[in-house]
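Everything below concerns the one structure shown next.
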Amino acid sequence: MEPEIKIVNVVVSTKIGDNIDLEEVALILENAEYEPEQFPGLVCRLSVPKVALLIFRSGKVNCTGAKSKEEAEIAIKKIIKELKDAGIEVIENPEIKIQNMVATADLGIEPNLDDIALMVEGTEYEPEQFPGLVYRLDDPKVVVLIFGSGKVVITGLKSEEDAKRALNKILETIKEVQEL
Amino acid sequence: RLRKWQRRIRVSDAAERNLAFALSELDRITSKLGLPRHVRENAAIIYRNAVEKGLIRGRSIEGVVAAAIYAACRRCRVPRTLDEIAEASRVDRKEIGRTYRFLARELNIKLTPTNPIDYVPRFASELGLPGEVESKAIQILQQATEKGLTSGRGPTGVAAAAIYIASVLLGCRRTQREVAEVAGVTEVTIRNRYKELTEHLDIDVTL
DNA sequence: GCTTTAAAAAGTAATGT
DNA sequence: ACATTACTTTGGAAAGC
């Protein structure tokens with residue numbers, strides 16, 4: 001059995017309009033925060049699905065916190081409808097692009113982080129600063145955080161398939177390290 | 001011609017001024033931390049290498065100096081924590097850590113994670129503990145390392161717990177508060193590591 | 001580089017009972 | 001001595017400083 005991979009966060013971007021008046025949007029959407037002095041984007045939190053949306057004057061939108069691309073799509077459709085109902089010009093079916101995904105998994109073994117750091121290129125292990133070992137893979141181009149418990153976090157993902165490939169690579173290199 | 005000549009003088013002037021500033025900062029911080037001469041010289045070499053490779057661009061001189069000192073301390077096995085160096089310099093720990101990683105990568109400085117044992121002599125002497133306690137603490141840490149009890153934990157916390165245990169075992173007890181103070185960790189951390197070490201290494205600490 | 005958003009891992013920290 | 005909350009690390013986009 002392969003380790004179970006759980007997607008815990010999906011970051012997506014899209015464009016829902018042009019020259020959006022964020023002051024106006026802030027009044028339309030209830031859980032909206034807009035403080036241009038602090039950040040140029042408007043922050044909107046939804047409870048279902050539980051995500052946070054960043055809306056910019058350019059009409060570009062980021063959605064974070066979703067567990068899948070579909071969930072992010074539902075969230076974006078929701079705010080599009082609300083803005084449309086309020087009379088704001090919006091793009092109805094915008095193209096949605098996955099920018100990043102975060103996944104967790106359990107290797108099922110307790111790796112020796114010191115040995116991995118010593119023998120594997122592209123690793124950083126500074127327990128004084130963080131308990132996990134940072135491993136940057138070239139293909140797929142992702143970053144894996146490996147912990148002494150065997151739990152791992154994979155980020156920088158563009159697809160679930162990459163998570164599987166990354167996990168298999170990690171398991172392979174750890175086995176090699178254990179043998180040497 | 002003359003312009004080019006003048007520009008060269010200006011550039012070398014600036015470079016000299018920067019180097020002089022960097023070295024004076026290096027002196028100031030290393031003496032503030034009470035670091036031995038060989039560590040200071042090692043840090044100076046690291047800094048010069050960084051300058052030669054043009055690694056200072058986009059970074060503050062002080063940040064690179066602080067990171068060079070941090071790296072030199074570890075390489076010479078007389079580690080200082082990022083917090084200690086951040087306090088002695090006027091650079092925050094985040095930037096020192098980031099710059100250190102950058103220097104390590106670009107200058108091919110390969111350092112293994114700080115060994116908790118390297119902190120023992122300094123912490124023990126600051127606590128006025130005898131050599132026997134130091135040896136006992138080191139022995140505990142060696143066993144702990146073999147059993148993987150140091151992996152992922154902060155080196156200072158594990159070292160502090162080992163010293164605390166050793167001091168109790170050899171009858172020159174220091175309180176958790178005293179040990180926590182010199183190690184720069186909280187008593188909660190010492191307690192957590194203490195539990196782990198005594199349980200997994202079958203150490204009887206009866207008070 | 002920074003600012004803001006979300007989420008996980010494990011360790012450490014600050015506060016509170 | 002506990003618990004709770006919060007911060008460390010990683011990735012990416014957005015617009016502006």
Side-chain angles (χ1 to χ4, degrees), chain A residues 5-16 20 22 33-46 49-67 71-72 75 96-107 113 123-137 140-158 162-163 166, chain B residues 58-60 63 81-83 93-95 97-99 101 150-158 160 176 180 183-196:
Chain A
I5 296 172
K6 198 173 295 176
I7 304 294
V8 296
N9 186 22
V10 176
V11 180
V12 121
S13 71
T14 188
K15 191 170 191 294
I16 66 165
I20 290 188
L22 297 180
E33 295 172 28
Y34 178 48
E35 277 173 52
E37 314 284 351
Q38 199 172 85
F39 190 69
L42 177 151
V43 182
C44 177
R45 281 166 235 271
L46 294 192
K50 190 177 176 300
V51 301
L53 296 134
L54 300 180
I55 306 173
F56 299 87
R57 188 184 60 239
S58 63
K60 292 193 175 179
V61 173
N62 287 351
C63 177
T64 65
K67 300 294 185 205
E71 220 178 73
I96 293 169
K97 188 185 180 192
I98 292 178
Q99 297 294 351
N100 185 26
M101 295 177 100
V102 182
T104 60
D106 192 338
L107 298 176
L113 304 185
T123 59
E124 282 179 8
Y125 177 43
E126 297 289 336
E128 181 188 335
Q129 301 169 65
F130 189 69
L133 178 149
V134 181
Y135 185 15
R136 283 164 226 277
L137 294 185
K141 191 181 171 302
V142 300
V143 174
V144 187
L145 306 179
I146 306 175
F147 297 85
S149 63
K151 298 271 183 65
V152 299
V153 173
I154 310 172
T155 187
L157 290 164
K158 295 287 193 213
D162 283 349
Chain B
R59 259 164 277 269
S60 73
T81 63
L82 286 176
D83 281 329
R93 62 170 288 165
K94 202 170 180 178
E95 191 189 334
R98 191 189 301 132
T99 307
R101 279 177 237 161
T150 60
S151 174
R153 282 103 187 167
T156 51
V158 194
Q176 293 184 356
V185 296
T186 63
E187 294 154 89
V188 177
T189 295
I190 291 190
R191 243 169 262 139
N192 290 337
R193 296 304 132 236
Y194 162 87
K195 266 191 192 172
E196 220 167 41

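Reckoned from all heavy atoms, side chains included, excluding hydrogens, waters and symmetry mates.
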Using atom P of each nucleotide, how far apart are D:dA3 and C:dA7 to the nearest Å?
24 Å

Taking atom C1' in both D:dC2 and C:dA9, compute the distance separating them and give it to the nearest angstrom.
23 Å

Considering only atom P, compute the distance from D:dT9 to C:dG1 and round it to an integer number of Å.
13 Å

Checking C:dT5, C:dA7, C:dT3 against the side chain of A:Lys67 (C-beta onward), the nearest is C:dA7

Side chain of B:Thr186 only, please: which of C:dA13, C:dA10, D:dT10 is the nearest?
C:dA13

Side chain of A:Phe56 - closest among D:dA14, C:dG1, C:dT3:
D:dA14

Charged N to carboxylate O below 4.0 Å: is that the case for A:Glu71 and A:Lys50?
no

Using a heavy-atom cut-off of 4.0 Å across all strands, would you classify B:Lys195 as base, sugar-phosphate, or nothing?
sugar-phosphate

Nearest whole angstrom, please: distance from the P of C:dG11 to the CD1 of A:Ile146.
15 Å

Using whole Å, report how far OH of A:Tyr34 lies from P of C:dT5.
15 Å

On DNA chain C, nearest-nucleotide positions of B:Glu196 versus A:Val8: which is more 5'?
A:Val8

In whole angstrom, give the distance that lies between atom CD of A:Glu126 and atom C1' of C:dG11.
15 Å

Where the side chain of A:Ser149 is concerned, which of C:dG1, D:dA14, C:dA9 is the nearest nucleotide?
C:dA9

Looking at A:Glu126 and B:Arg101, is any side-chain nitrogen of the basic one under 4.0 Å from a carboxylate oxygen of the acidic one?
no

